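To start, the structure under review is shown below, and the notes come after it.
Start at 1 with the first residue, then count along the sequence. Owing to the predicted nature of the structure, the values given are computational and were not obtained by experimental measurement.
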Amino acid sequence: MGVGGNGDGDEGIRRRGCSCSKDDFLPEESFQSWRNYARALKETPFRLKDRILTRSHDSTELHEMKARSQHEMKKTLNWWDLIWFGIGAVIGAGIFVLTGLEAREHAGPAVVLSYVVSGISAMLSVFCYTEFAVEIPVAGGSFAYLRVELGDFMAFIAAGNILLEYVIGGAAVARSWTSYFATLCNKQPEDFRIIAHSLPDAYGHLDPIAVVVTAVICVLAILSTKGSSRLNYIASIIHVIVILFIIIAGFSKADTKNYANFAPNGARGIFKASAVLFFAYVGFDAVSTMAEETKNPARDIPIGLVGSMVITTVAYCLLAMALCLMQPYDQIDIDAPFSVAFEAAGWKWAKYLVAAGALKGMTTVLLVGAVGQARYLTHIARTHMMPPWLAQVNGKTGTPVNATIVMLTATAIIAFFTKLDVLSNLLSISTLFIFMLVAIALLVRRYYVSGVTTMLNRIKLITCLALILSSSIGTAAYWGLSGEDDWIGYCITVPIWLLGTVSLWFFVPHARDPKLWGVPLVPWLPSASIAINVFLLGSIDKASFERFGIWTGLLLLYYFFFGLHASYDTAKASKENDNNDVVGWKKMEEGVVSSVSTNPNPNLNPNPV
């Protein structure tokens, strides 16, 4: 029976057995007949306006959305687990693969500054994620946060791009796993790959080991989140020991003459490397998706997220310094920089230890990424923007089995065919875009509450956000288009950013204070996060933006033909939008999807849906 067919929407949403029928994928009223679908397509403009202007509510994400997965995820994680998940999620292929490439091609020994810039950007985003994860501890991560503050449409576009980033990033790590495994076996990576001459070169180096590794990770992620945490904990400890060895041994072989030409390509080389090396920090957002399985989110999430990011940033900077002190930057190997550096220093045996450490690191990155991306997809499916079959949580394991299998199958297919250099060009842009949106959403959350914020203050907020965002885009565009010594444009864009932030600070009152844990120095930290993320976007190559545009276009096609109508029907069936008197911007002002009461007595305080 279609959701919303006879007023039994909740039953339709929750009644999902182990069957695999049409109703598990397209149960909504719009897809019950071709006539219904044609009518839904005719209503696309109205429905799109409804989804753009309607925001969700904290209580909807915390209660109603979770109920659509049949079973609760098990609350088994604490702050210690989250710190190790964070370390396991972040320290992996980025540091072992990209450091040598960026040091040699762009930044030189100043690659350590590139890691500092990327780390600052990541840390600002961590603060924003942490406040949301504490107040809305659900599996949806940034998708849920953006749905609450910026509406369904923006949340879907953001979520589609973060899922792409997870799949592409996982595929890149899986293929890197094969490369380091070959080093450990004293072989070349191509010795373990099958060359398909009938396929284009970029897609003809087939990697069966990457597929096997992904399949093993899939099984581990399905069996138990706590079990995954224990495995990650053990692997990360071994990984940290190897990293400490690299740092200590590397500094013992240091030659300060290698730092003589510290920044061969100047500031432009440093920031260009920062945009690429941001990939090395991608993964902490996966930890925020585990908030639903955390015992005490108010305590555990801030310690876990911030603590793991501080440890990671310090480790990255020390590793980058050790590498460039061991070997001249123009002699660094771009494929296995640390292994070759130790071999050049006369410690050939150390390359095997480094390869083993890299394998441990990439294994944990794959594991935590698998756990995180499945939870993103689960929460998206709870809204029916994706088929609700993907929202099912297994009653025995307490894990989203269907979503895990689908995401890792996609990862395995891409990893099997696609070379690493093709994958690496697709990575950072989607994540920087998401982190920028989360920072904007945090400012909206602090300064705008329906029924509290006046029309004048809302106009002030929109104006300030427009100044912050436009000046950030202007700074990034000027950086990308101007010469090395040009600076006039910054004298215009930076004061505009400062004006927008100061105006927000002085002239717009806070509409909401955090209940449990809050980002310090609001609006300065979120505004700085927006500026830095947009600036790093300006350092990314044109081809990446073209691929970003193509993927976003495909997302829009899916959304207009399927996701929009499925989520609209589900929202109506769940009485998320049942207030006929609230339309347009008034609906945006009043709130929030499912905050509507059906209580006939206005003197009573109804419970939220």
Side-chain angles (χ1 to χ4, degrees), residues 69 73 77 82 85-86 88-90 92-94 129 133 138-146 155-175 177 210-211 213-225 228-229 232 279 281-293 305 362-383 385-387 389-394 397-415 423 426-428 430-431 433-435 438 551 555:
S69 288
M73 294 185 186
L77 304 178
L82 294 181
F85 260 127
V90 176
Y129 266 82
V138 294
S142 56
F143 172 76
Y145 315 150
L146 296 175
F156 177 79
I157 296 300
N161 277 286
I162 203 70
L163 289 176
L164 172 70
E165 191 80 5
Y166 270 118
V167 171
I168 296 298
V173 173
R175 286 189 74 94
W177 202 100
V211 175
V213 170
T214 305
V216 173
I217 293 295
C218 182
V219 173
L220 293 172
I222 285 173
L223 289 178
S224 168
T225 303
S228 298
S229 173
N232 172 74
F279 167 57
Y281 290 96
V282 172
F284 74 82
D285 51 322
V287 180
S288 71
T289 68
M290 300 173 198
E292 192 171 317
E293 297 155 272
L305 275 172
M362 287 184 280
T363 301
T364 56
V365 168
L366 285 170
L367 180 59
V368 179
V371 172
Q373 67 193 12
R375 280 143 186 79
Y376 264 116
L377 185 57
T378 296
H379 202 78
I380 297 169
R382 287 169 173 173
T383 69
M385 289 186 195
M386 296 292 285
W389 179 79
L390 295 169
Q392 294 179 14
V393 173
N394 185 276
T397 65
T399 58
V401 173
N402 297 341
T404 303
I405 292 173
V406 167
M407 290 300 296
L408 288 178
T409 298
T411 299
I413 292 171
I414 293 174
L423 295 172
L426 289 168
L427 287 172
S428 293
S430 295
T431 306
F433 174 66
I434 304 302
F435 292 171
V438 171
W551 173 248
L555 284 176

Take L305 and L82 through the test side-chain contact (heavy atoms from CB on, under 4.5 Å) and record every step on the way to the result. CA-CA 7 Å; L305 275 172; L82 294 181; over 6 Å; no
Exercise: identify the closest heavy-atom pair between L163 and M407: CD2-CE, 3.7 Å
Closest non-hydrogen contact found for A403 with A374 is CB-O, 3.5 Å
With rounding to the nearest 0.5 angstrom, report the CD1 to CG distance, I157 to L555. 5.5 Å
Sequence neighbours excluded - side-chain hydrogen bond (donor to acceptor under 3.5 Å, both in side chains) pairs with any residue from residues 155-164: N161-S430
Given W389 and V406, is the side-chain contact (heavy atoms from CB on, under 4.5 Å) satisfied, shown in steps? CA-CA 11 Å; W389 179 79; V406 167; 3.9 Å; yes
Can you give me the closest heavy-atom contact between A370 and L408, atom names plus distance? CB-CD1, 3.7 Å
Give me the atom names and distance for the closest heavy-atom approach of L367 to I217. CA-CG2, 3.8 Å
Taking side chain to side chain donor-acceptor pair (under 3.5 Å) as the test, write out the residues that go with T363, two or more places apart. W177
Checking A155 now: which residues fulfil side-chain contact (heavy atoms from CB on, under 4.5 Å) with it, not counting sequence neighbours? F143, L146, R147
Taking all non-hydrogen atoms of both residues, which atom of V167 and which atom of Q373 are closest, and how far apart? N-OE1, 4.1 Å
Look at the side chain of N402 and the backbone N and O of Q392, then say whether any donor-acceptor pair between them is shorter than 3.5 Å. no
I413 CD1 to T214 OG1 distance, which is reported to the nearest 0.5 Å: 10.5 Å
Indicate the atoms forming the closest heavy-atom contact of A158 with I434, along with that distance. O-CD1, 2.9 Å
So Y166 and L377, do their side chains get closer than 4.5 Å, heavy atoms only? no
